[in-house]
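Inspection log for the structure reproduced underneath, given as structure tokens.
The structure presented is a predicted model; accordingly, all values stated were derived computationally and were not measured. Sequential numbering from 1 along the given sequence is applied to the chain's residues.
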Amino acid sequence: MAVKIKLKRLGKIRSPHYRIVVADSRTRRDGRAIEEIGKYHPTYNPSVIEVDADRVAYWLSVGAQPTEPVLAILKKTGDWQKFKGEPAPAPLLQQPEKPARPSFEAIGGEDEGKGEAITQKKKAEKKDEASAESASTEA
């Protein structure tokens, strides 16, 4: 039985998130898994990668083969280099948080109402014209 470490897709149509699972190579993508060993959320900023390093090391030592996407994730976390005996990669960089935009009131803006709308409604004009026509026909 060939065992693979692969991604199992979850989530809605345009907001995918994945679980890193160990499964038989013959099962379908979202099929039954032997074990779940991590999570991957690519749509978050920065993306979330959680991997159980001990279980990954065990499954790699037993002979499980990672798929290409999982191999890229394992290289980013450093688990693949640890398994191969290579030096660990640089730690993942966290993006600095952007400062919050100042609120409208903090800038000093005041919201002064202008009153009524500039343009008149078309329905009101039609009613006025109809009432004027009826008044002229009565007279």
Side-chain angles (χ1 to χ4, degrees):
M1 176 171 103
V3 177
K4 291 224 176 234
I5 302 174
K6 56 185 178 178
L7 295 176
K8 179 179 182 179
R9 190 183 195 283
L10 302 167
K12 296 180 183 177
I13 292 175
R14 288 181 181 83
S15 62
H17 56 274
Y18 300 91
R19 290 201 181 140
I20 302 170
V21 298
V22 178
D24 184 9
S25 63
R26 295 171 288 187
T27 60
R28 59 183 188 259
R29 178 190 68 180
D30 301 333
R32 212 172 125 174
I34 298 171
E35 183 179 0
E36 293 180 358
I37 57 175
K39 296 178 184 175
Y40 174 51
H41 299 279
T43 55
Y44 292 178
N45 188 13
S47 60
V48 175
I49 300 173
E50 296 176 12
V51 178
D52 187 0
D54 296 333
R55 297 309 296 166
V56 169
Y58 167 76
W59 283 107
L60 289 173
S61 67
V62 171
Q65 295 296 314
T67 60
E68 289 182 18
V70 173
L71 183 61
I73 291 171
L74 294 179
K75 284 182 179 179
K76 285 186 179 181
T77 60
D79 293 323
W80 183 253
Q81 287 86 345
K82 191 184 302 181
F83 173 69
K84 289 291 187 178
E86 298 172 358
L92 295 175
L93 299 175
Q94 296 290 333
Q95 291 182 347
E97 292 186 19
K98 294 181 182 177
R101 293 178 59 184
S103 65
F104 185 69
E105 291 80 22
I107 295 173
E110 297 179 12
D111 188 19
E112 298 176 7
K114 301 226 191 266
E116 296 180 20
I118 297 172
T119 57
Q120 299 293 326
K121 295 181 180 179
K122 292 182 179 181
K123 291 182 180 178
E125 291 176 6
K126 289 180 181 178
K127 289 181 181 178
D128 292 338
E129 291 174 8
S131 62
E133 289 177 12
S134 64
S136 63
T137 56
E138 291 176 5

For V21 and I34, run side chain to side chain contact (heavy atoms under 4.5 Å, CB included): C-alpha distance rounded to whole Å, both residues' side-chain angles, the deciding distance at 0.1 Å, then the answer.
-> CA-CA 7 Å; V21 298; I34 298 171; over 6 Å; no
Could you pull out every donor-acceptor pair under 3.5 Å between side chains of residues 4-20 and any protein atom, sequence neighbours left out?
residue: K6; atom: NZ; partner: T27; partner atom: O; Å: 3.0
residue: K6; atom: NZ; partner: T27; partner atom: OG1; Å: 3.3
residue: R9; atom: NH2; partner: I13; partner atom: O; Å: 3.2
residue: R19; atom: NH1; partner: E36; partner atom: OE2; Å: 3.4

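The nearest pair of heavy atoms linking D24 to A2 is OD1-O, 3.0 Å. The nearest pair of heavy atoms linking V56 to I37 is CG2-CD1, 3.6 Å.
Using a 4.5 Å cut-off on side-chain heavy atoms (C-beta onward), V3 and V62 make no contact.
Note: Y40 OH to E50 CD = 13.0 Å, rounded to the nearest 0.5 Å. Considering CG of L74 and NZ of K82, their distance stands at 11.0 Å, rounded to 0.5 Å.
Annotation: ring-ring contact (aromatic ring centres under 6.0 Å, His included) contacts of Y44 (sequence neighbours excluded): H41. The side chain to side chain donor-acceptor pair (under 3.5 Å) test applied to W59 returns E35, not counting sequence neighbours.
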